[in-house]
Engineer: 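Pasting a structure here, questions to come.
Counting begins at 1 with the first residue of the sequence. Predicted model only: the values in this text are computed from it and were never measured.
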Amino acid sequence: MRRDYFTLTVDGVTTDEPQRPVVTITYEGPTEQLESRLTKGGSLLSEEEVDVAYRLKDPLDADDPEGVVALADRMTGEYVLELNADADSVFEFIEAAREFGAERDNDDRYRIVLETDDGHLATYDMSSLLVYDADGDLLRGESLIPSGVEL
């Protein structure tokens with residue numbers, strides 16, 4: 001699947017009152033291809049079976065750094081989807097998710113909604129989002145890591 005088949009929209013990050021941020025990922029390619037990658041054993045992967053990560057392509061101090069958002073199968077490590085996203089939007093989203101979790105003392109800090117041209121495909125309430133620099137090193141201070149989780 002091509003990264004340019006995906007569009008990322010972020011909601012819930014610019015309000016005065018902390019609310020659960022929502023990332024909507026819209027897929028504009030062949031629906032069967034995405035459904036196939038999201039399906040395991042005849043059903044869609046659950047939120048316990050997926051991991052979300054953001055990998056920078058540029059150094060953080062670069063002008064307008066870019067990166068790649070990835071959703072992966074937790075058991076196999078295989079990428080289900082990848083899409084390009086600018087770092088400013090992702091870090092603004094992460095900060096909103098961090099504030100929402102702190103306000104509610106809740107591990108479900110954000111929601112991912114997957115949509116296709118045919119409609120809604122899946123919704124995941126997530127607590128972690130790992131951020132890596134351009135060299136593949138984990139940026140703990142930028143990541144969403146639930147309490148009690150050791151990496």
Engineer: Taking E49 first and then R74, would you say they form a salt bridge - that is, a charged N and a carboxylate O separated by under 4.0 Å?
Structural biologist: no
Engineer: Kindly give the heavy-atom pair with the smallest separation between P21 and F100, and that separation in Å.
Structural biologist: CD-CB, 4.1 Å
Engineer: Would you check, one step at a time, whether the test side-chain contact (heavy atoms from CB on, under 4.5 Å) holds for L8 with V23?
Structural biologist: CA-CA 7 Å; L8 182 128; V23 172; 3.6 Å; yes
Engineer: Heavy atoms only: give me the nearest R55-D133 pair and the separation to one decimal.
Structural biologist: CG-O, 4.3 Å
Engineer: Per the side chain to side chain contact (heavy atoms under 4.5 Å, CB included) rule, which among V52, L45, D51 passes with L71?
Structural biologist: V52
Engineer: Would the Y110 and F93 ring centres measure less than 6.0 Å apart?
Structural biologist: yes
Engineer: How far apart are the C-alpha atoms of V13 and E95, what are their side-chain angles, what is the distance that settles it, and do they pass the side-chain contact (heavy atoms from CB on, under 4.5 Å) test?
Structural biologist: CA-CA 8 Å; V13 296; E95 186 55 35; over 6 Å; no
Engineer: For the pair T76 (side chain) and E78 (backbone), establish whether a donor and an acceptor sit closer than 3.5 Å, ignoring hydrogens and angles.
Structural biologist: yes
Engineer: Write down the atom of D73, the atom of V80, and the distance for their closest heavy-atom approach.
Structural biologist: N-CG2, 3.9 Å
Engineer: Within a strict 4.5 Å, meaning less than it, do heavy atoms of the I25 and E115 side chains meet?
Structural biologist: no
Engineer: Take S143 and L129 through the side-chain contact (heavy atoms from CB on, under 4.5 Å) test and state the conclusion after the steps.
Structural biologist: CA-CA 6 Å; S143 298; L129 194 157; over 6 Å; no
Engineer: Would you indicate whether the side-chain heavy atoms of K57 and N84 approach each other to under 4.5 Å?
Structural biologist: yes
Engineer: Side-chain contact test, heavy atoms from C-beta onward, threshold under 4.5 Å: evaluate it for V113 versus H120 and give yes or no.
Structural biologist: yes
Engineer: Please find the pair of heavy atoms, one from Y124 and one from L38, that lie closest to each other, and give the distance.
Structural biologist: OH-CD2, 3.6 Å
Engineer: Atom OG of S128 and atom CD1 of I145: how far apart are they, to the nearest 0.5 Å?
Structural biologist: 8.5 Å
Engineer: How long is the span from the CZ atom in R111 to the CD atom in E47, to the nearest 0.5 Å?
Structural biologist: 9.0 Å
Engineer: Among all residues two or more places apart in sequence or in another chain, which pass the side chain to side chain contact (heavy atoms under 4.5 Å, CB included) test with D64?
Structural biologist: D88
Engineer: Please report the interatomic distance CD(Q33) to CG(L81), rounded to the nearest 0.5 Å.
Structural biologist: 11.0 Å
Engineer: Okay, side chain of D135, backbone of D137: is any donor-acceptor separation there less than 3.5 Å?
Structural biologist: no
Engineer: Are Y79 and L138 linked, directly or through intermediate hydrophobic residues, by side-chain heavy-atom contacts shorter than 4.5 Å (ILVMFWY only)?
Structural biologist: no
Engineer: Between R3 and E82, does a salt bridge (charged side-chain N to carboxylate O under 4.0 Å, His left out) hold up when you go through it step by step?
Structural biologist: CA-CA 6 Å; R3 290 181 188 166; E82 290 183 299; 3.5 Å; yes
Engineer: Quick one, D58 with L56, criterion side-chain contact (heavy atoms from CB on, under 4.5 Å). Give me CA distance, side-chain angles, the key distance, then yes/no.
Structural biologist: CA-CA 5 Å; D58 306 309; L56 288 161; 5.9 Å; no
Engineer: Report yes or no: do V69 and Y5 belong to one cluster of Ile/Leu/Val/Met/Phe/Trp/Tyr joined by side chain heavy-atom distances under 4.5 Å?
Structural biologist: yes
Engineer: Angle class for the Y27/F6 ring planes (parallel below 30°, perpendicular above 60°, tilted otherwise)?
Structural biologist: tilted
Engineer: Report the C-alpha separation of E99 and R109 in whole Å, then their side-chain angles, then the decisive distance to 0.1 Å, and conclude whether the salt bridge (charged side-chain N to carboxylate O under 4.0 Å, His left out) test is met.
Structural biologist: CA-CA 8 Å; E99 287 177 21; R109 298 177 181 181; over 6 Å; no
Engineer: Could you pull out the closest heavy-atom pair between L121 and E35, with the gap in Å?
Structural biologist: CD1-CG, 3.6 Å
Engineer: Could you check whether any side-chain N or O of E142 sits under 3.5 Å from a backbone N or O of V131, counting only pairs where one atom can act as donor and the other as acceptor?
Structural biologist: no
Engineer: Do M126 and V22 belong to the same hydrophobic cluster, where Ile, Leu, Val, Met, Phe, Trp and Tyr are linked whenever their side-chain heavy atoms lie under 4.5 Å apart, directly or via other members?
Structural biologist: no
Engineer: Transitively linked via ILVMFWY side-chain contacts under 4.5 Å: V90 with V68?
Structural biologist: no
Engineer: Quick check: closest heavy atoms across G12 and A96, and the distance to 0.1 Å?
Structural biologist: O-CB, 4.1 Å
Engineer: T7 and E28: side chain to side chain donor-acceptor pair (under 3.5 Å), yes or no, with the steps?
Structural biologist: CA-CA 8 Å; T7 305; E28 296 147 357; 3.2 Å; yes
Engineer: Among T39, L114, V50, whose side chain to side chain contact (heavy atoms under 4.5 Å, CB included) with L44 holds?
Structural biologist: T39
Engineer: Does the Y54 side chain pair with the main chain of G67, one donor and one acceptor, at a distance under 3.5 Å?
Structural biologist: yes
